[in-house]
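Let me begin by presenting the structure, written as structure tokens, before commenting on it.
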Amino acid sequence: MSDQRIATDGSTPQTKDEESAAGERVQTDVSNGFVIEARGISKVFPGVQALRDVDLTLSRGEVLAVVGENGAGKSTLMKILAGVEMESEGVIKVDGQQVRIGSVDKALDLGIALVHQELNLCPNLSIADNVFLGREKLVKSVGGLEKVVRLVDKETSEAETADLLKKVGLETRPDTLVRDLTIGSQQLVEIAKALSINAKVVIFDEPTSSLSGPETERLFAVIKDLKDHGVSVVYISHRLGEVKHVADRVLVLRDGEVTGQLSAEEITKEAMIHLMVGRDIEKFYSIKHKISDKVRLEVRDFIVPKQPGKPINLKVHAGEILVLAGLVGAGRTEFAQALYGIDQPWAGRIFIDGREVKVNDPIDAIRAGMLLVPEDRKLHGLVTEMDVVNNITLAGFKDRLSKYGIVDARQAREVASRMIKELDVRLHSMDQIVQTLSGGNQQKVVLGKWLSMDPKVLLLDEPTRGIDVVAKEEVYKLMERLAEEKVAMLVISSEMQEVLSIADRIVVMCEGTVTGELLPDQYSEENVIKLATETTRHG
Amino acid sequence: MGNMKRIAGISILLLVIVTITAIIDIRFLSPFNVRNVLRWTGLFGILSLGAAFVIVTGGIDLSIGSVVAMIGTFSAYLMARQGVSVALTLFLMLLLSLALGLAHGLLITKVRVQPFVVTLCGLFIYRGMARFVVGDMTQGYGTGFLGLKNLVKSRFPQTFWPGTPPEFIVNWSIPMPFMILLILAIILAIVLNKSVYGRHLLALGANERAARYSGIHTHRVIIIAYMISASFAGLGGLLFSLDLNTVQPSASGQMYELYAIAGCVVGGISLRGGEGNITGVIIGTAIVRVLYNSINIAGIATQLEFAVLGMVILIGVSVDEIVKMIAEKRRIMESADPEALQRKATA
Amino acid sequence: MGNMKRIAGISILLLVIVTITAIIDIRFLSPFNVRNVLRWTGLFGILSLGAAFVIVTGGIDLSIGSVVAMIGTFSAYLMARQGVSVALTLFLMLLLSLALGLAHGLLITKVRVQPFVVTLCGLFIYRGMARFVVGDMTQGYGTGFLGLKNLVKSRFPQTFWPGTPPEFIVNWSIPMPFMILLILAIILAIVLNKSVYGRHLLALGANERAARYSGIHTHRVIIIAYMISASFAGLGGLLFSLDLNTVQPSASGQMYELYAIAGCVVGGISLRGGEGNITGVIIGTAIVRVLYNSINIAGIATQLEFAVLGMVILIGVSVDEIVKMIAEKRRIMESADPEALQRKATA
Amino acid sequence: RGQRAAVEERPTVAFMSNGPYEFWVYAAAGVEQAGEEFGVNVEFFMPPGGLPEEQRRFIEAMVAREVAGIAISVTDPENLTPFLNEIIEMGVPLLTHDSDAPGSNRLAFVGMSNYAAGRTAGRTIREALPDGGNFIISVGRLDAQNAIERRQGIIDELNGEPDAFFYPGTMTPDRPDIPIAGGKWTLIDTIVDAGDPIRAKSNAEDAILRHSERLDLMIGLWSYSTPAIISAAQDAGVIDDFIIVAFDQEEEVLQGIKDGYVFASMAQDPFMYGYRSVEVLAKIAHGQDPGIPDNKFIDVPAPRITRENIDEVWGMFRQQLSDGRQFLDDMGIDQP
Ligand SMILES: Nc1ncnc2c1ncn2[C@@H]1O[C@H](COP(=O)(O)OP(=O)(O)OP(=O)(O)O)[C@@H](O)[C@H]1O
Ligand SMILES: Nc1ncnc2c1ncn2[C@@H]1O[C@H](COP(=O)(O)OP(=O)(O)OP(=O)(O)O)[C@@H](O)[C@H]1O
Ligand SMILES: [Mg+2]
Ligand SMILES: [Mg+2]
């Protein structure tokens, strides 16, 4: 990791100059002063310098996009502005006044709201309670005791919540418990919460990573609306297409340093990637391996347990990359989880290489060579408190890396180091705790765990969610390689770009069942959306 | 609504136990017995109420029993032995128990020691202190302090009846401890369900990070919860000592933390935190107390008292969990596609 | 490595306590006293070892004390009263304690009742059973069962010495309970650190879902952990009853679960789960036992025994946490690049 | 419930224990013997659960059968007192034994005074250490009433306080090295174990170590205390280095007295509880004077078991046990 830093430092100087120039230009043509002006921000975590001497300026009514690889420091920078983290050093001015933010409610007082990268809602509370959490609407009078007895005014907060929900396009009663919402809806609640603050700066940290097409459009409308009301917006995303679409200006981070800024007219995917990565990378190449007609995975009359829809039948061939598209909440994860033996399906049979396998538990699936890269890395993919070696070899101990129930530590380390080399995981040492790796590298560790088990069928649920272009590239290359090794892949993806570019075949799901299949010549955003929103329920 | 269901469930459980016992021996419903059950429910319920607030945060308070012993001992010692005025003693005891809660809260939030450990040490320390200060000697109030004793001995409305109350009132007046419990319960119910503090408590109990990111002073909220628990334990200690009119520093209050927690658990409060339900706590405590009483009346061997208690808690909680699972299944059923349903039937 | 540091830390703590006590009264180091401390450490350490495995899963076992009482009572009752053969009794007791652990594990994994609740009910139920079966009567082995009693009475190598052992051997032979503890510790250390089960246990303790997604039979692993805890408690129960030669069903083993957990906590095992360290458990238990012994020898008022114990645990754990925080700060300083540091310095 | 064909016109008296414990088999023997000697039929009842409710029902049944008197060991004084008073108001002669209900209007209480037992223990210590010495008391909890009274009895006796039968109500605070009789004897320490026999043993070990050079005697006040002391001393191989005095009649204690390493024990006398209770009720039934003292306390002194009488006492216990079992069998009452 350190050597990599040297490399980038070596490659940055000239871009740095351009950037500061660009920075100046932007500043000069904004007449009214900065809403936020942060200078020389640095942040150090145990083991990492997340930010180094970062400058960020934000003008009134401006939409600033911040992009960068995983671990570039985007979220950290935002957490500092929102008072969640404390900067190690640096100066922050809000409306020209120098401030030490330091706490969330201080940030809120200053009118800075942050929509976090990961969901932060209380499932046991209603939408309204969550929206106004920490800023409850108070009952005006409690017999003169209202100073001491601070009671929550349910009616008002629910009324106001209803308006906000309309704004973000979520048709749900404000008193619905958050635990009854899908992840997508929960994300919209987060956005509503940010809006409820009436902040003068709203920060979105990867808000679209779990949003579907229409919902994303809705969000852009909201941002537009904010902008028109003179609210400034900071927008973080790995979907560079979106960035181009919404941003007035782009700030690029790499390894905790600003490597450049782009004003509206300069924003191009290539330019951003160049600054993010320090080099140009070739565009997504559509994958061009050959698919054998040998059926690797066959699913017959399968009914997803958590979202029971019409029975699902599908085949995946050796060396095929089949993409499951659909809106969030379509039940794709549940489908994958049921295949993998996490939940028991209502009905259905699973065949691998023509032989039927009974999957009652992940161990059965693993033994049959069907492996799942789960949607949620931190929750399901990794034991983040354990070191890299044990994470990569965790699944192997039982059948491969042990004798008489005793672990073969040497062999385990060999396997781990092989995987680390193959996947080019960036780390100090194999004994590093996984927690301290950046998102992309964590995902590679998950992949490494399964590659070491030589898979026949690989189920990948959002394999590139929240990981940066470079890591993505590497994941795609890896999938390509696996395809050549005749692995059958079932990929769940919500990112249209990805769906269309990597799929040998697209199967679309809605309400827990398959609503259609698209072959390359039928590929188009419209077709996917059409199938993804096509309800199969009668009545 | 899930809560409503649960309340209904345990209410029925309580009713069943009462009915069965009454059938076995009708004197279970005699004024004398009812009064006793209510009195004990009142005294133990106060402890459970306090414990509930800590449990909502996802924490636990094992020090309750020792606080009961400590405050009980010191109250009797100061007032009866040292002749300290009642008012001053009560004030000091309140201060002391609040200080204990504060200490727990600080250690848990600032020093990041787990609640189990902090309060376990409390369990060891406070009883030791109590025993040491009075040299292991039993404390008591003797024949005096009638005013104070009315806190537990008096009944409502009987005691406050102008002139001689009628037979009915004498029989069916409610023991003061139960009245105290009801009043506290109402206050805490408002705090938990209507107040800002309650919202924050429930929020952090379910998702501390979310609470923190929303600008809630999670530490403060947690600390207050432990102060509530400790001060309620203190109040309980005072009342218990007055009720028995004697405190044995080394014995009194032993295992009361477990009863308090049991009351909450039976009342349907999950130790995972984020759930709170005052009514449940009251009914839960009542169930535990009635159960004791019933066991005696039903003529089950005293040795089995605890065994039966344990069994009932276990069954109650298990049923609760199973019901949850079934409800989840039903929810899915309803959302299911007809064809899927019919397939499942055939499969 | 962090583990190493912690072990070093508590070893020093142990050494300090030992030294101080020895200075106060050199007889603390007399063969007689050392033997006693070792014997008790052995007996209580067995309970802590079992508890540790449950704690690694992030669970808790509050039933240990009651299992001690139950198995102790039943063993004496069957062998001495009912004249059941030693072999059969031991077999039955092993079966019984394993069954208890299995029940705990199943309720926790399949019915999803929290460990605290399940084992709390166990605490209530098992003692009740023990008391009921023998009608609350003290059980004992009388003058017989010498072979069995050697499990606790004999010393190594003295007892096995050909002919009359030399003075030195007589003085410094190790009591059998401690030998048993060492053997069990070695086995468990291998299980925890070298075996597949151990890896799975640690992984599950840190992130149960991830473990399941990696093809680990999490339920099975958890159930086994509770069976280990229960069977060790059972063994402890047998040895305690043999050591004293009598068992009081209502009294023996009370609060032993707390001592067991305390031993683990002092030994640096976090109740959050995912951490395990057998050496730590042994030293932790030793600290607790030595502490008792020291308090008596130093002539500190017996009433303060527990208070001191609580204090030491609390301070130990707090220091541990504080050290962690400091270490984190230091790592931050180190990971900041020089120029940043120097800027900080100038600023 | 055991019934016995009523022999001619003999009145019937009822005797009830507080539970189904072996302790009461001895009492049964006394009940039977007194029944024979004073010419009454006896109803003997052991509440299987040791419950107030069971006692209540039995009493009501007996009252319905118009028994000539009832003796009860009260399980739950607080809750039973009102009921007992009702019965007494109905004119049924009722007395308590073993465990009293002081608040009730019972005829009398047949039992032992823990304080008196303590004085006896004190006398025993004086015998054992005529020239003075240092001793340690071991007990579960020092704030339990019987512990307080027994301990105080010992201290007062050695201090040569005037004879008293009841606890005067003032306790000597627990301090190390309490000088008694101007330092002739020293109560080195009172070690408590919160009712945990194991801790009783480890405390004993520590005490032995700490005071080895001056420890002359150890006395256990609760039934498990002395067995714990014995176990500790035997393991340490110092069983002969100091004198052991006991309360109650646990197996280990009797064995110890026989083998000589226990000096004496203040036992209880369940046989006499049975005998005296029935005697009093029988005399009342026959219109004779039961001779109840003004303080309503009929003393059953704690028999002191020593080397001298151990064989006969142990023999007596065995005899009482078999008689009792015989009697219970005849009555068709199942054995504890
Ligand atoms: N709490 C923390 N403790 C230690 N290191 C941290 C912590 N939070 C972030 N880091 C590290 O700081 C660096 C920046 O993290 P950050 O989350 O800001 O990156 P990011 O740009 O948001 O990446 P992504 O696009 O994956 O969200 C990474 O190396 C990360 O591992
Ligand atoms: N009601 C809900 N409560 C909690 N989590 C839910 C709920 N519905 C769905 N989820 C979780 O949210 C994630 C997405 O929901 P779902 O799986 O239904 O949609 P999906 O088709 O998998 O979409 P995606 O995989 O893109 O998230 C899954 O992890 C699912 O387990
Ligand atoms: Mg981020
Ligand atoms: Mg999904």
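Please read these numbers as outputs of a predicted model, since none were measured by experiment. Just so you know, these numbers use all the heavy atoms, side chains as well, and skip hydrogens, waters and symmetry mates. Note on naming: letters A, B, ... go to the chains in the order of the sequence lines (proteins, then strands), and numbering restarts at 1 for each one.
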Using modelled atom types and a 3.5 Å cut-off, is there a donor and acceptor pairing between side-chain atoms of A:Asn124 and backbone atoms of B:Ala206? no
Please give me the minimum heavy-atom distance between B:Arg199 and A:Leu125, naming the atom from each residue. O-CD1, 4.3 Å
What is the distance from atom NZ of A:Lys79 to atom OH of B:Tyr213, rounded to the nearest 0.5 Å? 4.5 Å
Specify the closest pair of heavy atoms between B:Ala211 and A:Leu133, including all atoms of both residues, with the distance to one decimal. CA-CD2, 4.4 Å
Over all atoms of both residues, closest heavy-atom pair of A:Val104 and B:Arg212: CG2-O, 3.6 Å
Cut-off 4.5 Å, heavy atoms of chain B, and the answer for A:Lys193 is side chain
Check A:Gly309 against B:Ala340 and note the closest heavy-atom contact, atom names and distance. O-CB, 3.1 Å
Counting only non-hydrogen atoms closer than 4.5 Å, does A:Pro305 touch chain B with its backbone (N, CA, C, O), its side chain (CB onward), both, or neither? backbone
Rounding to 0.5 Å, atoms CG (A:Asp180) and CZ (B:Arg331) come to a distance of 6.0 Å
Less than 4.5 Å apart, any side-chain heavy atom of B:Tyr197 and any of A:Glu136? no
Show the nearest heavy-atom pair for residues A:Gly134 and B:Ile216, with the distance to one decimal. CA-CG1, 4.0 Å
Measuring heavy-atom distances to chain B, does A:Val152 have an atom under 4.5 Å in its side chain, in its backbone, in both, or in neither? both
What distance do B:Ser214 atom OG and A:Asn130 atom CG have between them, rounded to the nearest 0.5 Å? 7.5 Å
Other residues, nucleotides, ligands: >12 heavy atoms within 6.0 Å of B:Lys324 NZ: yes
State, yes or no, whether a side-chain contact exists between A:Pro308 and B:Asp337 at a heavy-atom distance under 4.5 Å. no
Contacting region of B:Leu202 [heavy-atom separation from chain A under 4.5 Å]: both
Any chance you could measure A:Lys154, atom NZ, to B:Lys194, atom NZ, to the nearest 0.5 Å? 7.5 Å
Please identify, among A:Val139, A:Val149, A:Ile197, A:Asp301, the residue contributing the most non-hydrogen atom pairs under 4.5 Å to chain B. A:Asp301
Closest heavy-atom contact between A:Leu151 and B:Ile190? CD2-CG2, 4.1 Å
Side-chain ion pair, A:Lys310 and B:Glu339, N-O less than 4.0 Å: yes
Pair B:Ile332-A:Gln307, side chain to side chain contact (heavy atoms under 4.5 Å, CB included): steps then yes or no: CA-CA 7 Å; B:Ile332 291 171; A:Gln307 265 163 294; over 6 Å; no
Would you say B:Val196 and A:Leu138 make side-chain contact, with heavy atoms under 4.5 Å? yes
